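To start, the structure itself, in C-alpha cells.
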Protein chains: 2
Amino acid sequence: MSHSPLYLELRTRLLALIRTGELPAGSRLPAERLLAERFETTRVTLRQALGQLESEGCIYRSNRRGWFVSPARLVYEPVRDYSFTRYVTAQGRVPRTEVLGFEEMQAEERVATSLSLPVGAPVYRLKRRRYLDNRLVLVETIWLNARFLPGLEKYRFDQSLWQVFGEVYDIELVHKQITITPTALIGEEVAALEVTSGCPGLHITRISKTAAGETIEYDEEYWLHDVLTIALSTSSYG
Amino acid sequence: MSHSPLYLELRTRLLALIRTGELPAGSRLPAERLLAERFETTRVTLRQALGQLESEGCIYRSNRRGWFVSPARLVYEPVRDYSFTRYVTAQGRVPRTEVLGFEEMQAEERVATSLSLPVGAPVYRLKRRRYLDNRLVLVETIWLNARFLPGLEKYRFDQSLWQVFGEVYDIELVHKQITITPTALIGEEVAALEVTSGCPGLHITRISKTAAGETIEYDEEYWLHDVLTIALSTSSYG
DNA sequence: AAGTGGTCTAGACCACCAC
DNA sequence: TGGTGGTCTAGACCACTTG
C-alpha cells in the first residue's frame, strides 16, 4: 500500500476548492503557474492533476483562456423527440444554435449507406454548432434525404428541424437507431468546437425513419464529454 | 495556420502502424523508451501521443505491463434483455464473469432511493467483474430488493441474473431507467479494474422494474471507455 | 535482476488572447 | 505588450512485472 501520487493529491485539493464553492461552477481557475507555485510543484505535475479533473468532467479548458469549473451536466435523452432548445430550456439552461452551413449535395458512401440511398443521390447537408449557457458544447452534421423534403432551403435552421418536418412535410420520425461512442476529439471537430486536440468527447450518430420505414435523416454529433449525462427510459424492447 | 504539434504527428505515425496491421489488435506496443528513440523525441512527448490515442480508444494500457492495441468495440444495447454472456458471444468474443462478492445488507441512502425503499431495508449486493477476450473491462455492483428474491443466495452469480429472475421467481424486468455518464475512473474502480488512475471510462446505471412497477434491481457499471459502442434502437417513445 | 511504465523536476520557447 | 496555456527537452528515481 504505497501513498497516493502527488498529482492525485493535487487533484483532491483542487476538487475540494470546487466542492466547497470556493471555485463555483463556470468560474475560471487561477493560472497554472500560480497554482503550481501555491502547491509547491512544477507546472507539469500540476497539469497532470488538471488533466485528471478534465477527464472526470469536473473542469474544462477554453482554448488558451484558461481552465473553468464545469457546470452541472445536461440530461440528454436521445430517444425522445425533444428539440435541443426545448430540453435545454426545460432544465433551466440557455440554449443557442448557430448554423454553419446548408447545402444540397450528392451522398458519399457513408452517408448513402446510412440513408439507405445509392451513392450520389441528392441530399441536404446541414452543419450546426450549439451552445449551452454560451459555452460551445456540440457540433453536428445532419444529412437529409432531399427527395422527401423539397424546398427545405426556404426554412430556418436555427430552430427545431423536426418541427418543420411535421408542420410542413407531415413527416414524423418514429424509428431511430442511435450509437454513442466515447472518444477524443480530433481534427475537424477540434477546430469547430475550438478546443484542444485530444479533448475527451462523445460521438453520437442517429438514423431516423418514418413509420413507413423511409430513412429521412442521418445525424452525427460531437459533444464535449463533460457536458452530458445520457438518460434512457424504456418500457418496451427495441 | 501553424503546423501540427509533434505529439500529433507521432500520434498519426503510431496510428498508421495500427491501421496497416503492423501492430494488430491486441498486440503490445514497443517500449516507450524505444519508441521515443525511434521517433527522435523524449518520453514525455511520446507519452503525450500515447495518451492521445488512449483517449481516442485506439490503445489501452495494462497496469505496468505496457500499451496494447484496442480490439474492435463491443456493441452494447443497454435497453435489451440480453445477458452479457449472450451478446458478447453473439459478437464472436469470449466473455468471462468473476463474482467478487454477494451479501445481504441494509440499503444506504442512495441505494434505497434508487430501489424506492426506505433506508435500512434488506437488499442483496452483488459485485462482479467481467472480461472480454480475457481483458478486464467492467466492474459492476448490483443491488436487489431482497423482499422479491428470497433465497437468492442459493444460486450462481457468474451467469445471467435475469434468467434466474424469470425461471425461479417469475419476475420479468420490463421498465428500465438508464443513465450513461462519461468520466474518468478513480479510486475503488481503478483498483477493481487494475488500471491507472484517470483512465477514461463510462459510468452506467440502470434501475429495473417489473410491469407492475416494482423496483427489483439497481445496477452500477464502470466500463473502460474504449471497449464500448452503445447502440439504441427504438420504435416508440419512453 | 532487468526492464517496464509511473511519477516528477526545472527549466525553455512559442502561439495566442486580452488589455 | 504582458500573461496565458500549449508544447517540448533531458534528465531522474520509484514501483512494479516479468523472467
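Small disclaimer: the values here were computed from a predicted structure and weren't measured.
Closest to the side chain of A:Pro5, from the set C:dG6, C:dC8, D:dG5, is C:dC8.
Scanning residues 29-42 of chain B for heavy-atom distances under 4.0 Å to DNA chain C yields B:Ala31, B:Glu32, B:Arg33.
Regarding contacts with the backbone of C:dG5, every side-chain N or O of B:Asn63 stays at 4.0 angstrom or more from both OP1 and OP2. For the pair A:Thr196 and D:dG6, the criterion of a side-chain N or O lying under 4.0 Å from OP1 or OP2 is met.
Between A:Gln48 and A:Gln52, the side chains place no donor N or O within less than 3.5 Å of an acceptor N or O (distance only, hydrogens not considered). Under 3.5 Å, the side chains of B:Trp67 and B:Glu54 contain no donor-acceptor pair of N or O atoms.
Two residues, B:Arg43 and A:Val44, neighbour DNA chain D, and the one matched to the more 5' nucleotide by heavy-atom proximity is A:Val44. Nucleotides of DNA chain C nearest to A:Arg64 and A:Leu6 differ in position, and the one nearer the 5' end is that of A:Leu6.
Stacking of B:Arg135 on the aromatic ring of B:Tyr60 is recorded, both the 6.0 Å distance cut-off and the 45° axial limit being met.
Among the protein residues, A:Arg61 comes within range of the sugar-phosphate backbone only, with heavy atoms under 4.0 Å from sugar or phosphate atoms but none that close to a base.
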Please determine whether salt bridge (charged side-chain N to carboxylate O under 4.0 Å, His left out) holds for the pair A:Arg61 and A:Glu32, giving the CA-CA distance in whole Å, both sets of side-chain angles, and the decisive distance to 0.1 Å.
CA-CA 12 Å; A:Arg61 45 183 135 181; A:Glu32 291 179 2; over 6 Å; no
Run the salt bridge (charged side-chain N to carboxylate O under 4.0 Å, His left out) test on B:Glu194 and B:Arg129 for me, step by step, so that the C-alpha distance in whole Å, both residues' side-chain angles and the decisive distance to 0.1 Å come before the verdict.
CA-CA 11 Å; B:Glu194 296 171 1; B:Arg129 291 200 291 201; 3.7 Å; yes
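To the nearest angstrom, P of C:dG11 lies 18 Å from CZ of A:Arg47. The distance between atom CZ of A:Phe68 and atom P of D:dT4, rounded to the nearest whole Å, is 13 Å. Rounded to an integer number of Å, the gap from B:Leu46 CG to D:dG11 P is 16 Å.
A salt bridge does not link A:Arg130 to A:Glu221: none of the charged nitrogens lies less than 4.0 Å from a carboxylate oxygen.
Scored by the side chain to side chain contact (heavy atoms under 4.5 Å, CB included) test, B:Gln159 finds B:Arg156 as partners (sequence neighbours excluded).
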In dot-bracket form, how is DNA chain C paired, counting a Watson-Crick or G-U wobble pair only if both its distances are under 3.5 Å and using | for bases paired to another strand?
||||||||||||||||||.
